[in-house]
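What follows is one structure encoded as structure tokens, with my remarks underneath.
We use all heavy atoms of the structure for the numbers below, so side chains are in, but hydrogens, waters and symmetry mates are not. Reminder, nothing fancy here: chain letters follow the sequence lines and each chain counts from 1.
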Amino acid sequence: MKYWLFKSEASTWSWEQQVAKGDAGEEWDGVRNYQARNFMRQMKLGDLGFFYLSQKEKAVVGIVEVCAEAHPDSTTDDDRWDCVDIKAVAPMPTHVTLAMCKGDDRLAEMALIKSARLSVQPVTADEWQIICDMGGYSG
DNA sequence: GCCAACGTTGGC
DNA sequence: GCCAACGTTGGC
């Protein structure tokens with residue numbers, strides 16, 4: 001099982017909208033970046049991810065799970081672009097902000113910090129645990 | 001609102 | 001295949 005981070009802007013796709021989709025989940029569509037797409041192609045059913053909001057919140061606000069593996073992005077006819085479906089699992093009890101991550105030396109190598117613009121990122125098991133601890137999420 | 005970082009495009 | 005120009009993202 002692997003861990004990931006999905007980045008969104010609240011004005012485009014909020015955590016509330018994600019939760020409203022329930023267990024059926026929703027396509028993580030609109031990604032037009034090869035690196036991000038390649039990560040989505042590696043995802044397996046049951047993989048977990050952080051739901052991160054850029055811009056205003058700049059924080060991990062929830063936990064999501066991959067509920068459909070990579071398939072064509074329905075928002076384009078361009079067959080280069082695939083996406084997965086994700087569903088909300090639980091809110092992060094305490095939002096883990098970017099500042100909190102930057103303040104922890106153990107997270108210095110995180111893609112979130114080193115590759116700020118990448119919209120879908122891998123998260124190591126160690127990073128996952130550290131952030132869950134900071135957010136008060138125990139699975 | 002600014003600007004640095006970075007991915008993409010297009011001319012050669 | 002290189003690289004300059006350009007557009008977009010996202011933190012501040």
Are any non-hydrogen side-chain atoms of A:Q18 and A:W28 less than 4.5 angstrom apart? yes
Can a side chain N or O of A:K102 be found less than 4.0 Å away from OP1 or OP2 on C:dC12? yes
Distance, rounded to the nearest Å, where A:D78 contributes CG and B:dT8 contributes P: 12 Å
Integer-rounded Å distance: C:dC12 P and A:K56 NZ: 16 Å
Atom CD of A:Q35 and atom C1' of B:dT8: how far apart are they, to the nearest Å? 13 Å
Looking only at side-chain N and O atoms, does A:Q55 come under 4.0 Å of OP1 or OP2 in C:dT9? no
Using OP1 and OP2 only, check whether a side-chain N or O of A:Y34 sits under 4.0 Å from B:dC6. no
Between A:Y52 and A:W15, ring centroids under 6.0 Å: no
Heavy-atom check, side chain of A:V66 versus side chain of A:D85, under 4.5 Å: no
Length of the line joining A:N33:CG and B:dA5:C1', which is rounded to integer Å: 13 Å
Selected nucleotide, minimal atom distance to A:S54 side chain, candidates C:dG10, B:dG7, B:dC6: C:dG10
Side chain of A:E9 only, heavy atoms from C-beta on: which candidate in B:dG7, C:dG10, C:dG11 is closest? C:dG10
Determine the interplanar angle of the A:W81 and A:Y34 rings, folded into 0 to 90°, and report it as parallel if under 30°, tilted if 30 to 60°, perpendicular if over 60°. tilted
What integer distance in Å separates A:L118:CG from C:dG11:C1'? 16 Å
Of the nucleotides B:dG7, C:dG10, C:dG11, which has the atom closest to the A:K7 side chain? C:dG10
Can you check the A:R80 CZ to B:dT9 P distance for me, whole Å? 7 Å
Salt bridge check, A:D73 against A:R32: does any charged N sit closer than 4.0 Å to a carboxylate O? yes
To the nearest Å, give me how far apart CZ (A:F39) and P (B:dG7) are. 11 Å
What is the distance, rounded to the nearest whole Å, between atom CG of A:L98 and atom C1' of C:dC12? 11 Å
